[in-house]
Trainee: 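Dropping a structure here in structure tokens format, bear with me for questions.
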Amino acid sequence: MIDVVLLIARLLFVALLYLFLFAIMRTGIGLVKGQRKKERTWTLSVERGPKELRGLSINVRGEVIVGRTPGADIVIGAGYVSGRHAKFQLMGQNLFVEDLGSKNGTYVNGQRIEGPTVLHDRDVVTVGDVAIRVRYQ
């Protein structure tokens, strides 16, 4: 008789332990989902340029290269664009753009940049005749 009682007690303990762990996991997953909804991301949108690029939108998660080479993330097939023309890069919550030594330069809101430049929401980065709008949403 005592063996049956101990067996039932053990099974009840295991069941309660699983319910407790399930409740913790469900709460943790809910917290993670809530954090992701509030997370803001940087987006690059091509507003002006060749027809095939207009409307292109890229979420920045790391480094984004703009250039003429096929390995670039945004490929601009024009002679005035260098193979690796410019680079967008996240540093913490800030987005920077840097000209990679191109002859024709990279412009932010009409001003030529000389080194890494911090970007703000709705800035326009121009590479040749391609205008890329930066958004933080």
Side-chain angles (χ1 to χ4, degrees):
M1 179 69 180
I2 194 143
D3 290 336
V4 173
V5 171
L6 286 174
L7 178 64
I8 291 172
R10 285 181 187 162
L11 291 175
L12 184 60
F13 177 73
V14 170
L16 288 173
L17 184 61
Y18 274 107
L19 284 173
F20 176 72
L21 291 174
F22 176 74
I24 289 174
M25 290 298 295
R26 194 174 71 174
T27 302
I29 290 170
L31 288 174
V32 170
K33 283 183 180 177
Q35 289 174 352
R36 287 197 174 162
K37 288 180 184 175
K38 295 176 187 174
E39 182 179 308
R40 297 176 69 184
T41 59
W42 288 96
T43 304
L44 306 176
S45 302
V46 178
E47 291 188 341
R48 190 180 75 234
K51 193 170 30 173
E52 60 273 6
L53 283 179
R54 270 183 261 143
L56 174 72
S57 185
I58 296 176
N59 289 334
V60 180
R61 296 200 186 337
E63 195 175 89
V64 176
I65 301 293
V66 178
R68 194 176 62 235
T69 61
D73 299 300
I74 300 177
V75 178
I76 303 172
Y80 53 80
V81 177
S82 299
R84 289 176 47 94
H85 194 99
K87 171 176 72 171
F88 292 90
Q89 186 170 10
L90 280 174
M91 291 185 193
Q93 291 294 323
N94 295 318
L95 180 64
F96 288 81
V97 66
E98 179 179 2
D99 185 80
L100 298 176
S102 68
K103 287 186 178 182
N104 295 318
T106 303
Y107 296 81
V108 175
N109 298 325
Q111 300 293 316
R112 187 174 182 146
I113 61 171
E114 298 300 323
T117 303
V118 68
L119 295 170
H120 302 94
D121 187 35
R122 306 189 67 68
D123 279 351
V124 177
V125 177
T126 307
V127 174
D129 65 348
V130 176
I132 302 169
R133 173 83 59 184
V134 176
R135 294 207 163 122
Y136 188 55
Q137 31 187 346

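Below, each value reflects all heavy atoms present in this structure, side chains not excepted, and no hydrogens, waters or symmetry copies.
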Trainee: Are Val108 and Ile58 connected, step by step, through hydrophobic side chains (Ile, Leu, Val, Met, Phe, Trp, Tyr) whose heavy atoms are closer than 4.5 Å?
Mentor: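 Yes: a chain of side-chain contacts under 4.5 Å links Val108 to Ile58.
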Trainee: For a 4.5 angstrom cut-off between non-hydrogen side-chain atoms, does Leu7 reach Asp3?
Mentor: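 They are not in contact (no side-chain heavy atoms under 4.5 Å apart), so the answer is no.
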Trainee: Tell me the closest heavy-atom pair linking Val124 and Ala131, and the distance in Å.
Mentor: CG1-CB, 3.9 Å
Trainee: Examine Ile113 and Leu119 and state if one hydrophobic cluster contains both, with Ile, Leu, Val, Met, Phe, Trp and Tyr joined whenever side-chain heavy atoms are less than 4.5 Å apart.
Mentor: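 Yes.
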Trainee: How long is the straight-line distance from OG1 of Thr106 back to CD of Glu114, given to the nearest 0.5 Å?
Mentor: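 Here the rounded value is 10.0 Å.
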Trainee: Quick one: closest heavy-atom pair of Ser102 and Ser82, and the distance?
Mentor: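 In terms of heavy atoms, the two residues are closest at CB-OG, 3.3 Å.
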Trainee: Examine Val66 and Val75 and state if one hydrophobic cluster contains both, with Ile, Leu, Val, Met, Phe, Trp and Tyr joined whenever side-chain heavy atoms are less than 4.5 Å apart.
Mentor: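 No, Val66 and Val75 fall in different hydrophobic clusters.
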Trainee: Just so I know, are the side chains of Ile24 and Phe20 near enough to count as touching, which here means a heavy-atom distance under 4.5 Å?
Mentor: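 Sidechains of Phe20 and Ile24: in contact.
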Trainee: Identify the heavy atoms of Arg68 and Gly77 that sit nearest to each other, and give their distance.
Mentor: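 Between these two residues, the closest heavy atoms are CG-CA, 4.3 Å.
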Trainee: Only one of Leu100, Val127, Ile74, Thr69 forms a side-chain contact (heavy atoms from CB on, under 4.5 Å) with His85, so which one is it?
Mentor: Val127
Trainee: Supply the atom-to-atom distance Gln89 CD to Asn94 CG, rounded to the nearest 0.5 angstrom.
Mentor: 12.0 Å
Trainee: Let me confirm one number: the OH-CG distance from Tyr80 to Asn104, rounded to the nearest 0.5 Å.
Mentor: 9.5 Å
Trainee: Do other residues, nucleotides or ligands put more than 12 heavy atoms under 6.0 Å from the CZ atom of Arg133?
Mentor: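 Count over threshold, so yes.
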Trainee: Which heavy atom of Pro50 sits nearest to which heavy atom of Val130, and what is that distance?
Mentor: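 It is CD-CG2, 3.7 Å.
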Trainee: For the CG atom of Asn59 and the CD atom of Gln137, what is their distance to the nearest 0.5 Å?
Mentor: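 Nearest 0.5 Å value for the CG-CD distance: 7.5 Å.
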Trainee: Among the clusters formed by ILVMFWY side chains lying less than 4.5 Å apart, do Val60 and Val125 turn up in the same one?
Mentor: yes
Trainee: Any side-chain heavy atom of Arg48 sitting closer than 4.5 Å to one from Thr126?
Mentor: yes
Trainee: Using a 3.5 Å distance criterion without hydrogens, assess whether the side chain of Asp121 forms a donor-acceptor pair with backbone atoms of Tyr136.
Mentor: yes
Trainee: Is there a donor-acceptor contact under 3.5 Å from the side chain of Thr117 to the main chain of Gly115?
Mentor: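 Answer holds: yes.
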Trainee: For the backbone of Gln93 and the side chain of Trp42, can you confirm whether one donor and one acceptor N or O come within less than 3.5 Å of each other?
Mentor: yes
Trainee: I need the Ile132 CD1 to Thr43 OG1 distance, nearest 0.5 Å.
Mentor: 13.0 Å
Trainee: Roughly how far apart are Glu47 CD and Arg54 CZ, rounded to 0.5 Å?
Mentor: 11.5 Å
Trainee: CD of Glu52: more than 12 outside heavy atoms within 6.0 angstrom?
Mentor: yes
Trainee: Is it possible for you to say whether Val134 and Phe96 belong to one hydrophobic cluster, with membership spreading through side-chain heavy-atom contacts below 4.5 Å?
Mentor: no
Trainee: Can you establish whether the number of heavy atoms outside Gln111 located under 6.0 Å from its atom CD is more than 12?
Mentor: no
